[in-house]
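Each remark here refers to the structure printed beneath this line.
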Amino acid sequence: MSDRYEPSQFEAKWRQRWKEAEIFTTRTEEGRPKFYGMDFFPYPSGAGLSVGHCRNYVPTDVICRMKVMQGFNVLHPMGFDAFGLPAENEAIKRKSHPAPMIERYAANYRRQMDLIGVSYDWSREFKSSDPSYYKWTQWIFERLFERGLAYRSMAAVNWDPIDKTVLADEEIVGGRAERSGALVEKKWIPQWFFKITDYAQRLIDDLDELNWPEGIKAQQRNWIGRSEGVQFSMTVSIPIHVPDVPTAPDPHIDLRSELEKLQDEIRASGFEPSAKESTIQKVGQIEQDLQKAAGAASGKKFDQAVDAAHKAMGKMSSNLEDFELKSRPNDFQFEVFTTRIDTIFGMTFCVLAPEHPLIDQIAPLVAPEHEQNIRAYQLQAKLLSDTDRQAENREKTGVFTGANAVNPANGKSVPIWIADYVLATYGTGAIMAVPGHDERDYAFATKFGISVIEVITPGGAPTGELPFVSKDGVLVNSGEYSGKGVSEAQKELGDWIERRGIGKRKIQYKLRDWLISRQRYWGCPIPIIHAKDGEMQMVPTDCLPVELPQVENYEPSGDGTSPLAHIPNFVNTTDLDGRLGLRETDTMGGFACSSWYFLRFCDPHNFEKAWEKNLVDYWMPVDCYVGGAEHAVMHLLYARFWTKVLYDAGLVSVKEPFSRLENQGQVLGMTPYRKPTEAENLDVTEEGILISYEEAETLSAEEVSWRWARMSKSKGNVVTPDEAVEHFGADALRLYLLFVAPFNADVNWSNDGMSSQSRFLSRLFKIVSDVKSVYEPRWHDFIGFGEADDKSRKIRRWTHQTIKKCTDDIDRFSFNTYVSTLMIFSNNLSDMTRDLTEPSRPVQLALSEAIDVLIRLLSPGAPHSADELWESIGASGFVFNAEWPVASADLVAEDEVTIAVQVNGKLRDTFTVSIGAKEEDVKALALASEKVQPHLEGKTIRKVIVIPAKLVNIVAN
RNA sequence: GCCGGGGUGGCGGAAUGGUAGACGCGGCGGUCUCAAACACCGUUGGGCUAAAACUCGUGCGGGUUCGAGUCCCGCCCCCGGCACCA
């Protein structure tokens with residue numbers, strides 16, 4: 001064996017031996033605990049793996065390898081997420097069929113995974129596109145269908161015009177399709193949904209018990225978006241149209257306010273037909289009053305005012321007549337949802353989403369100019385894309401409907417507006433607007449001159465200063481609720497609304513049902529037959545899978561139907577009763593396939609059923625699930641949902657699939673950009689124009705700006721494991737990936753880092769080679785029995801401290817400190833072994849133990865080197881099958897400790913004492929310290945704090 | 001704006017409330033070499049120093065504590081996610 005790390009000499013050899021000995025095959029032995037460690041199901045892309053992928057796979061491999069050595073039954077599987085858009089698009093681009101293409105890509109992935117020595121049990125591999133797998137995806141679909149959790153319905157859905165299919169809400173980011181980048185259009189077509197909303201509450205509640213990154217849990221909570229509030233109904237009133245009336249110059253008679261008073265009275269009458277008579281009388285009375293006033297006053301201007309008022313009155317009266325003939329406004333109601341029922345007295349208007357169904361009912365009844373405004377606004381809203389509508393800081397728009405609604409809390413009438421800042425898809429699509437205490441309503445009210453009422457103040461007295469920002473405090477201007485605190489008022493108003501039967505408390509979620517159907521070929525067919533009478537029938541289990549037909553052309557049609565719809569042999573079938581029927585032609589989105597693969601790994605070759613329950617019960621949940629953070633609200637939410645459904649159906653015994661989740665950081669590659677020339681100024685990102693490494697070479701340093709960007713084929717900045725292994729070796733790559741940064745931190749990749757790992761490994765080879773001549777293979781039989789000496793004690797302490805630290809570090813995913821602990825150990829050992837001549841027997845034994853342990857601890861991180869070293873010291877088999885060392889608490893403990901001496905918390909001296917030193921002695925030594933004395937001069941010692949085996953702090957002033 | 005995670009040398013980063021900067025990269029000095037590369041050895045937070053001593057130092061301002069990178073309060077900045085969700 002060489003005394004240097006020369007990967008080309010042995011790494012391939014060991015990989016071959018591992019394969020031949022099938023050491024990675026999952027073992028289940030009685031009486032052992034289990035450990036299920038898994039990486040996210042990758043989609044095999046033509047680009048192959050980058051070192052970024054390896055940053056996911058290597059750490060999982062390290063923890064799984066350690067668990068095996070610790071005596072766990074370990075399940076560490078790998079498979080491929082082969083169905084779905086990316087594969088199909090790639091196949092279309094390459095003018096090939098996705099099935100053989102995916103085969104090739106997956107084989108290449110596997111080759112690369114093997115190249116870096118990951119210990120997957122390949123005997124359990126499958127692809128989600130294997131009929132033997134998707135048969136059971138269909139079977140699970142049917143279990144959802146049976147339970148009413150898979151349904152087909154018309155909906156305005158996200159249509160991706162590039163990929164020519166609909167997509168789930170989770171796949172849309174900022175109005176664009178996450179994958180294709182296309183601006184999403186709304187399309188009104190029948191689609192399949194999974195009723196994930198039924199599980200919204202449980203999906204929130206059960207997050208608490210999961211050992212997941214806080215950020216992911218928060219993203220899921222936020223996506224599900226639970227809010228508690230009150231939903232209540234509002235009654236519509238369509239008031240008499242009042243034209244503008246000039247204000248009279250006589251302060252005693254304000255025409256405008258008289259008219260408004262009249263309106264209020266009309267409203268208060270509740271529009272009862274019987275009130276019409278008295279209302280008309282009142283109008284007459286006001287007319288008389290006005291005439292009197294006119295008589296008393298003089299001047300032409302006032303006469304004009306009265307004339308105008310008369311005209312207004314006339315119009316009012318005639319409108320009143322119309323009104324009774326045209327409508328029965330009591331029939332019109334709409335529901336609003338609010339989380340702030342305590343602000344109900346601050347409601348000064350209501351807003352309906354432009355798509356709200358009530359609008360079509362009231363539009364014909366309001367004054368003609370309002371109806372026109374409504375129609376124009378609705379049209380505008382329809383034409384506006386989602387992105388434009390949701391553009392940042394967009395100015396509020398809206399129109400008054402001409403109709404009013406009655407605030408149930410105080411009977412006051414408020415105008416109903418329509419505005420697109422209210423979303424039709426959330427809550428009831430209508431709100432009570434409280435501009436006093438809601439920013440959006442405030443912006444709207446200010447723009448359209450709607451009044452603002454302050455109903456909450458921090459102190460109890462209105463501040464009068466707009467805008468009112470208080471969210472918490474005491475109610476004012478709120479009738480009998482004035483003076484109450486916010487939470488008290490919320491409770492009482494909620495009770496009051498429920499008592500009156502106007503509405504009830506409600507929990508509202510942002511989450512919407514999971515849109516699962518896709519109008520694409522390369523996916524799992526939905527196993528449903530549409531019978532002639534419209535009935536939807538499940539394909540019986542023994543007829544599953546409904547296989548994808550082999551076809552030449554599978555391009556998406558783009559007309560909203562699946563390519564399968566154009567294949568008569570597929571579409572035409574018979575239903576359960578033997579009558580002609582039509583197959584469902586949509587396929588399931590890829591996320592359905594990846595929502596249960598972790599169950600299949602427990603029993604991957606079962607042809608009778610999806611899984612044997614006791615096998616799933618044994619392995620589940622996944623103890624450690626590792627992958628990127630980008631799946632926070634997609635795969636990770638869907639998989640949790642399916643698991644819960646299967647739990648409810650009694651098919652699995654866990655409510656949650658992944659008890660621990662870890663997200664690896666991204667690996668960023670150096671990416672060259674250049675400044676655009678003047679002609680190119682349009683359509684350039686702020687980084688500049690992406691260029692190739694070759695082009696960068698031809699340009700001067702000033703012309704190129706290098707940036708760190710996620711490795712991707714399109715950016716040309718990918719570093720592959722193949723090149724890294726070729727130049728530095730698989731173990732150097734593995735250790736570098738572990739060491740370079742904390743596991744979840746992003747990394748700026750540089751190949752230089754691997755050479756330092758190569759040096760480290762060479763140092764280990766050197767140490768082992770130096771110690772080999774004195775290595776005692778039976779150290780275990782002798783160590784601890786004879787006399788120890790200082791040197792041997794020191795070595796054994798290092799050894800056992802290293803065992804403890806490495807074990808803890810791997811368990812808590814602190815792989816960078818795991819590697820650095822091995823480095824410290826090896827630095828210490830090489831200092832010790834540099835001039836190794838005739839060691840004492842205790843030192844010989846201690847060094848033998850140290851070398852043995854070092855190799856075992858190294859093995860998860862650098863398995864090839866570990867086996868090579870293992871063999872060189874005459875051990876047999878593989879380190880993988882050896883036991884993980886256990887630290888002895890006695891040996892870990894120091895026999896001497898350094899005591900820090902502080903004066904008023906500042907370090908002044910250190911000294912060493914034996915571990916058992918008495919507190920008084922330590923204290924005396926500290927006080928006697930020469931370095932401490934000057935700092936105590938002229939001061940009185942107030943207190944001396946002694947922390948055993950740590951420090952002494954002298955408090956003096 | 002809201003939610004989550006962060007802010008420590010030239011850089012990546014260590015540090016159960018107890019000696020800040022482990023380990024590594026880079027730098028500097030040296031050994032080897034005709035020389036360079038490799039490798040190895042030593043050194044390396046700033047200030048002041050010949051050196052020691054001293055002093056400053058974990059984004060900023062307060063606080064708790066004998067003692068704070070770590071805990072509490074108020075800010076600033078960076079990264080990620082969501083975003084007119086009533």
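Naming convention: chains lettered A, B, ... in sequence-line order (proteins, then strands); numbering from 1 in each chain.
- In this structure, A:His935 reaches the B:C54 phosphate: one of its side-chain N or O atoms is under 4.0 Å from OP1 or OP2.
- Residue-level contact check: A:Pro742 touches the backbone only, with heavy atoms under 4.0 Å from sugar-phosphate atoms and none from bases.
- In this structure, B:G9 shows a glycosidic angle within 90 degrees of zero, which is the syn conformation.
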Heavy-atom contacts, protein to nucleotides 22-30 of chain B, under 4.0 Å, summarised as B (base), S (sugar-phosphate only) or - (none) per nt, yield BBSS-----

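- For an aromatic pair to be called close, the ring centres must be under 6.0 Å apart, and A:Phe813 with A:Phe815 satisfies this.
- Taking atom CZ on A:Phe334 and atom C1' on B:A86, their separation rounds to 13 Å, with Å as the unit.
- Across all strands, A:Lys943 comes closer than 4.0 Å only to sugar-phosphate atoms, never to a base (heavy-atom distances).
- Closest to the A:Tyr426 side chain, of the nucleotides B:A14, B:A86, B:C54, is B:A86.
- A:Trp223 places its CH2 atom 19 Å from the P atom of B:G80, with the value rounded to the nearest Å.
- Contact record, A:Ser826 with A:Arg763: OG-NE, 4.1 Å, taken as the closest heavy-atom pair.
- A:Arg908 comes within 4.0 angstrom of sugar-phosphate atoms only, judged by non-hydrogen atoms across all strands, and of no base.
- The separation between A:Leu907 atom CG and B:U55 atom P is 11 Å, rounded to whole Å.
- Ring geometry for A:Phe444 against A:Tyr421 counts as tilted: the plane angle lies between 30° and 60°, on a 0 to 90° scale.
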In 5'-to-3' order, the base (B), backbone-only (S) or no-contact (-) status of each nucleotide in nucleotides 1-9 of chain B, using a 4.0 angstrom heavy-atom cut-off, is --SSS----

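- Of all heavy-atom pairs between A:Phe334 and A:Ala430, the closest is CD1-CB, 3.8 Å.
- Between the NZ atom of A:Lys906 and the P atom of B:A68 there is a distance of 10 Å, given to the nearest Å.
- When distances run from any side-chain atom of A:Thr338 to the nucleotides B:G13, B:U55, B:A86, the shortest one goes to B:A86.
- We find that CG of A:Asp3 is positioned 19 Å from P of B:C38, with the value rounded to whole Å.
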